[in-house]
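I have placed the structure first, in the form of structure tokens, so that the comments after it can refer back to it.
Start at 1 and go down the list; that is how both ligands and their atoms are numbered.
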Amino acid sequence: MSIDTKKLQALLQWYKQSIGENLVTALIVNREGLVIDALSKNAEESVDEEIVGGVSALVEPVLTRITKEFSSGSFGTGTFDTEEYRFIFCEAGPEAVFVTILKAIAGVDPVFPYAYLTAEKIARIFDGRTVSPVIPKLISDSNAENIERKIEKLQKVKVQSGEYAFKLILGGDGAVGKTSLVHRFVENTFAKDYKSTIGTSIMKKECNFKELESAVRFVIWDLAGQSQFQRVRKSYLANAEAGILVYDVTNRKSFENIKNWHNEIKKVSPNISLILVGNKIDLKEDRAVKSQEGNTIADNLGLSYIETSAKTGENINDAFKMLALLMIKKYFITEEV
Ligand code: G3D
Ligand code: MG
């Protein structure tokens, strides 16, 4: 494969201009984590080996995980923070990942649209298709729509044997424990130093039921609650078959907001199957919402209710199992009749 490296470098230079001084560097790596190309200080200079070496050491563990988790399909995008840097990973075609490294103080949301667009262009360069290295200012609606389309494409994450998994989304205020819940379920770990997710990360997980001889596959989408990027949020919620509404039992406001989350999700995905989760039950002293109240609101909304702790792992598997059973009832059993 011959890659137009000049065009690649021109594109990276445009990217640098678009992002400004918060950009530390940008890399293109393959799925094994090897650097294919990187932003050089200026278009004529060759790539700074020292920066690339240091950065790929940092990026490697993350890429290893990505490669492992998404060996059978797309992973879309993900973010990752260290003390010094913030990373954005964007899939750039089947072979490459576009990695943006920002200063720790940088906001990720304004960078996202540029990262998506650049990743798309990188994929085209690798394919040998025609593409301009010029990156326009992304403020207009039509550009936002392009990004939305790209995300919709990512929705169709294919799993083994050509079957499609259910798209699962999470609703609920920031910091109620959505990301922790998913990580607990997917990896069975509770990362104490986990920082808030900005953007979307996509994980997949299969639930097996011996009793029913069925497997339910979920493709779990995790988006930051505080995302200001409304258009991304709408396509995040769209076409979802399953969802978990989460509140924090120590945070009354998050409980009161459940109705709003329910409305917003139902508006975008009317046929979604939802359950309600009251999380952080390990914090017994700080409890601000009674179990009975959780039950009542769930009854009113016609949902099943379960209480969990992503910290201790209590009821996490059962929560997902509850949802998987709903999916079986809706999609498998009714089909057989
Ligand atoms: P979000 O994805 O809904 O925004 P996160 O929430 O999963 O990022 O979690 C927000 C904070 O709550 C995190 O703390 C996380 O460790 C903590 N948390 C999540 N679930 C539980 C739980 O069940 N019990 C307890 N005690 N804490 C939980 P930090 O301090 O890292 O912000
Ligand atoms: Mg989160």
Side-chain angles (χ1 to χ4, degrees), residues 62 65 69 75-83 86-89 104 107-109 112 151 167-205 218-230 232-233 235-237 240 242-262 264-265 274-291 294 305-320 322-323:
V62 184
R65 240 189 65 199
E69 282 175 18
F75 69 88
T77 70
T79 61
F80 177 79
D81 292 340
T82 66
E83 292 288 308
R86 315 193 73 173
F87 294 82
I88 302 176
F89 299 89
V108 170
D109 280 4
F112 253 114
I151 293 166
K167 176 181 172 181
L168 190 166
I169 56 161
L170 297 134
D173 287 359
V176 296
K178 299 181 294 298
T179 300
S180 306
L181 217 87
V182 167
H183 281 226
R184 178 55 106 166
F185 177 62
V186 173
E187 295 160 10
N188 208 27
T189 56
F190 180 79
K192 250 184 141 182
D193 60 350
Y194 190 84
K195 295 197 180 141
S196 77
T197 346
I198 300 167
T200 312
S201 67
I202 303 176
M203 285 157 277
K204 62 177 169 32
K205 169 90 176 179
F218 286 125
V219 175
I220 306 169
W221 286 50
D222 185 23
L223 181 81
Q226 66 272 40
S227 174
Q228 294 146 20
F229 203 34
Q230 280 295 329
V232 170
R233 182 147 127 182
S235 52
Y236 168 78
L237 297 176
I244 303 181
L245 287 169
V246 189
Y247 73 91
D248 170 354
V249 298
T250 71
N251 174 346
R252 184 129 205 124
K253 186 97 204 315
S254 74
F255 172 71
E256 280 156 8
N257 272 337
I258 284 296
K259 279 199 181 108
N260 299 333
W261 279 104
H262 185 261
E264 188 179 349
I265 291 172
L274 289 167
I275 62 163
L276 180 65
V277 166
N279 187 43
K280 303 200 189 179
I281 51 168
D282 57 289
L283 301 171
K284 293 193 176 75
E285 312 276 277
D286 303 325
R287 185 133 188 164
V289 184
K290 294 194 196 87
S291 295
Y305 178 61
I306 189 166
E307 296 192 335
T308 61
S309 166
K311 186 169 187 176
T312 66
E314 194 177 345
N315 286 346
I316 298 292
N317 283 341
D318 283 349
F320 283 87
M322 201 182 229
L323 191 56

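Below 3.5 Å of separation, one finds no N or O of T308 facing any N or O of ligand 1. In terms of polar-atom proximity, defined here as any N/O pair under 3.5 Å, L181 makes no such contact with ligand 1. The distance criterion of under 3.5 Å between nitrogen or oxygen atoms is met by A310 with respect to ligand 1.
One distance of note links CG of D282 with OG1 of T308; it measures 9.0 Å at 0.5 Å rounding. Once rounded to the nearest 0.5 Å, the distance linking NZ of K311 with CD1 of I281 reads 13.0 Å. Distance check, rounded to the nearest 0.5 Å: CG of D248 to CG of D173 gives 9.5 Å. To the nearest 0.5 Å, atoms CG (N315) and CG (N279) are separated by 10.5 Å. Separating the CE atom in M322 from the CG atom in N317 is a distance of 13.0 Å, to the nearest 0.5 Å.
For atom 4 (O) of ligand 1, the choice among G313, S180, A175 with the nearest heavy atom turns out to be A175.
At a heavy-atom cutoff of 4.0 Å, ligand 1 is contacted by the side chain of D282 but not by its backbone.
Per-residue contacts place L283 under 4.0 angstrom from the following atoms of ligand 1 (heavy atoms of the residue considered): 26 (N). Near G174, meaning under 4.0 Å from one of its heavy atoms, ligand 1 places the atoms 4 (O). The contact set between ligand 1 and S309, taken as ligand atoms under 4.0 Å from a residue heavy atom, comprises 23 (O).
Residues W261 and V246 have side chains not in contact (no heavy-atom distance under 4.5 Å, counting atoms from C-beta outward).
Between the Mg ion (ligand 2) and T179 there is an N/O/S contact shorter than 2.8 Å.
In this structure a side-chain-to-backbone donor-acceptor pair under 3.5 Å is missing from D286 to T250.
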